[in-house]
Engineer: 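I am attaching a structure below and will ask some questions about it afterwards.
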Amino acid sequence: MKNVLFLTTFCFIALKSNAQQRLNSDTKGILYNKEKALDARILTHGWAVDVYLGTLKTYFKTQYYRFGIGNLMHSKEKRAATEYVATGFSTGVRHYRYGKQNYVYTLHGGWGMKHYYTEKAKRKGVSLAMNYSGGLIAGLLIPYYLDVSDPKKRGSSNYFKYSDETAASFLDRHLIRGKGGVFKGVKETSIVPGVFAQVGVHLDWGAFDEFLHAVEVGAQLQVFSKKMPIMVIEENKPYFFNLYLSLQIGKRN
């Protein structure tokens, strides 16, 4: 009886002292303290790719940091196409966004926490968690250039961004030949600071496995210090609300 009591006490102390580690599902007792992953998200109006670095704090709680890049679009953006003379006798099709003034890319970093609400899954099983995170954003505004025909030079083209002086030609569908490309305006990039917060339902396949593979669905809010001038012909706002679906692939150690 004393041996049983001693063994029970010893096991209790051992489990408590290892609360920051997660056991995998096999009987060998492999322990994981850290996890790192690549997180790719599709947003309602954009996309993002993050590097995820997590620490398993307790059996049901993981704290993490995330850093990444992304792209945001206006909800009213639409793709348009135009035909142009590619050679003296043939035509081609080029695409552009009518009325678009700036690209918006983001550099973001933040902190988050995953809380598991089900028992850790056995191998091939699924664990359910709520995922909360927030942090800072640097919104990168890059001018959107268009290739516009010059009627005074027999259809020759030139590239320019939107301004009060170019407004008439910039919005004339008959003169637009296509977009100029993101690198055309990259030297004119301006930065707008902001913050973000998101919450999602996290589904982790094989929470004890060495390899991490999970999906998440949730909502995200990004708020900037001023209105983001994405479109000329639509209302611009300082905030973006998106639903998202993400795929996370990584490794634990």
Engineer: For Ala214, is there any backbone N or O sitting under 3.5 Å from a side-chain donor or acceptor partner on Asp204?
Structural biologist: no
Engineer: Give a yes or no on this: more than 12 heavy atoms of other residues, nucleotides or ligands lie within 6.0 Å of atom CD1 of Ile42.
Structural biologist: no
Engineer: Go through the steps for Phe240 and Thr44 under the test side-chain contact (heavy atoms from CB on, under 4.5 Å), then give the verdict.
Structural biologist: CA-CA 10 Å; Phe240 296 81; Thr44 312; over 6 Å; no
Engineer: Determine whether Lys179 and Arg97 make a side-chain contact, defined as any pair of heavy atoms from C-beta on separated by less than 4.5 Å.
Structural biologist: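 Contact flag for Lys179/Arg97 side chains = no.
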Engineer: Are more than 12 heavy atoms, taken from residues, nucleotides or ligands other than His95, located less than 6.0 Å from that residue's NE2 atom?
Structural biologist: yes
Engineer: Assigning hydrophobic clusters by single linkage (Ile, Leu, Val, Met, Phe, Trp, Tyr; side-chain heavy-atom cutoff under 4.5 Å), is Ile233 placed with Met73?
Structural biologist: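 No, it is not one cluster - the side chains of Ile233 and Met73 are not joined through contacts under 4.5 Å.
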Engineer: If you measure from CG on Leu136 to CH2 on Trp111, what distance do you get to the nearest 0.5 Å?
Structural biologist: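 One gets 14.0 Å once the value is rounded to the nearest 0.5 Å.
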Engineer: Under 6.0 Å between the ring centres of Tyr52 and Tyr64?
Structural biologist: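 Between Tyr52 and Tyr64, the centre distance is under 6.0 Å.
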Engineer: Rounded to the nearest 0.5 Å, what's the gap from CG on Asn33 to CG on Asn253? Could you check?
Structural biologist: 8.0 Å
Engineer: Using distance alone, with no hydrogens and no angle criterion, decide if Ser163 and Thr166 have a side-chain donor and acceptor under 3.5 Å apart.
Structural biologist: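 A pair is found: one side chain offers a donor N or O, the other an acceptor, under 3.5 Å apart.
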Engineer: If we only count heavy atoms from C-beta on, is the Leu243 to Phe241 side-chain gap below 4.5 Å?
Structural biologist: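 They are in contact (side-chain heavy atoms under 4.5 Å apart), so the answer is yes.
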Engineer: Would you indicate whether Tyr239, at its atom OH, is surrounded by more than 12 heavy atoms from other residues, nucleotides or ligands within a distance under 6.0 Å?
Structural biologist: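 Counting neighbours around OH of Tyr239, 12 or fewer heavy atoms of other residues, nucleotides or ligands fall under 6.0 Å, so no.
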Engineer: In sequence, state the C-alpha distance, the side-chain angles, and the governing distance for Asn102 and Tyr144, and then conclude on side-chain contact (heavy atoms from CB on, under 4.5 Å).
Structural biologist: CA-CA 5 Å; Asn102 288 288; Tyr144 187 81; 5.6 Å; no
Engineer: Within this structure, what is the OH-CZ distance for the pair Tyr145 and Phe170, rounded to the nearest 0.5 Å?
Structural biologist: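 It is 10.0 Å, given to the nearest 0.5 Å.
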Engineer: Heavy-atom distance under 4.5 Å between the side chains of Asn242 and Leu72, does that happen here?
Structural biologist: yes
Engineer: If only side-chain N and O atoms count, and only distance matters, is there a donor-acceptor pair under 3.5 Å linking Lys34 with Thr55?
Structural biologist: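 A donor-acceptor contact under 3.5 Å links the two side chains.
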Engineer: So which heavy atom on Gln101 is nearest to which on Met231, and how close?
Structural biologist: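 The pair with the smallest heavy-atom distance is OE1-O, 4.0 Å.
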Engineer: Which class fits the ring pair Tyr96 and Tyr98: parallel under 30°, tilted 30 to 60°, perpendicular over 60°?
Structural biologist: perpendicular
Engineer: Give me the atom names and distance for the closest heavy-atom approach of Arg41 to Ser246.
Structural biologist: CG-CB, 3.1 Å
Engineer: If the test is salt bridge (Lys or Arg N to Asp or Glu O under 4.0 Å), which one of Lys36, Arg252, Lys251 qualifies with Glu210?
Structural biologist: Lys251
Engineer: Please, which pairs that meet side-chain hydrogen bond (donor to acceptor under 3.5 Å, both in side chains) have at least one residue in residues 67-78, sequence neighbours excluded?
Structural biologist: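 Pairs touching residues 67-78 that pass the test: Glu77-Lys100.
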Engineer: Are Val201 and Leu247 connected into the same hydrophobic cluster when the rule is that any two of I, L, V, M, F, W, Y join if their side-chain heavy atoms are below 4.5 Å apart?
Structural biologist: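 Yes, because Leu247 and Val201 connect within a single hydrophobic cluster, where side-chain heavy atoms sit under 4.5 Å apart.
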Engineer: Shortest non-hydrogen contact from Tyr132 to Met130?
Structural biologist: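 Here Tyr132 and Met130 meet closest at OH-CB, 3.6 Å.
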Engineer: Salt bridge (Lys or Arg N to Asp or Glu O under 4.0 Å) with Arg66: which residues, sequence neighbours excluded?
Structural biologist: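 Expected list: Asp39, Asp50.
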Engineer: What closest approach, in Å, do Pro143 and Gly185 show between heavy atoms, and which atom pair accounts for it?
Structural biologist: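 Result for this residue pair: CD-O, 3.4 Å.
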Engineer: Under the 3.5 angstrom rule, does the side chain of Thr82 hit a backbone N or O of Gly178 as a donor-acceptor pair?
Structural biologist: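 Checking the backbone N and O of Gly178 against the side chain of Thr82, no donor-acceptor pair under 3.5 Å is found.
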Engineer: Please table the atom pairs, donor to acceptor, closer than 3.5 Å between any side-chain atom in residues 215-230 and protein atoms at least two apart or in another chain.
Structural biologist:
residue, atom, partner, partner atom, Å
Glu216, OE1, Asn131, ND2, 2.8
Glu216, OE1, His202, ND1, 2.9
Glu216, OE2, Asn131, ND2, 3.4
Glu216, OE2, Tyr244, OH, 2.5
Gln220, OE1, Gln222, NE2, 3.2
Gln220, NE2, Gln198, OE1, 2.9

Engineer: Hey, could you give me the CG/CD1 distance between Leu141 and Ile191, rounded to the nearest 0.5 Å?
Structural biologist: 9.5 Å
Engineer: If I compare all heavy atoms of Tyr162 with all of Ala167, which pair ends up nearest, and what's the gap?
Structural biologist: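 Closest approach of Tyr162 to Ala167, heavy atoms only: CE1-CB, 3.6 Å.
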Engineer: Got a second to check how far Arg177's CZ is from Asp147's CG, nearest 0.5 Å?
Structural biologist: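 Interatomic distance, Arg177 CZ to Asp147 CG, rounded to 0.5 Å: 5.0 Å.
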Engineer: Using the rule that Ile, Leu, Val, Met, Phe, Trp and Tyr join whenever any side-chain heavy atoms are under 4.5 Å apart, tell me whether Ile137 and Val192 fall into a single cluster.
Structural biologist: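 The answer is yes; both residues are in one hydrophobic cluster.
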Engineer: Membership question, hydrophobic clusters at under 4.5 Å side-chain separation (ILVMFWY): are Val195 and Val199 in the same one?
Structural biologist: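 No; Val195 is not reachable from Val199 via cluster members.
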Engineer: Could you label the plane-to-plane angle of the Phe196 and His108 rings as parallel, tilted or perpendicular, counting under 30° as parallel and over 60° as perpendicular?
Structural biologist: perpendicular
Engineer: Kindly give the heavy-atom pair with the smallest separation between Ile142 and Val182, and that separation in Å.
Structural biologist: CG2-O, 3.7 Å
Engineer: Are the side chains of Tyr103 and Leu140 in touch, meaning some heavy atoms are under 4.5 Å apart?
Structural biologist: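 Result no, sub-4.5 Å side-chain heavy-atom pair not found.
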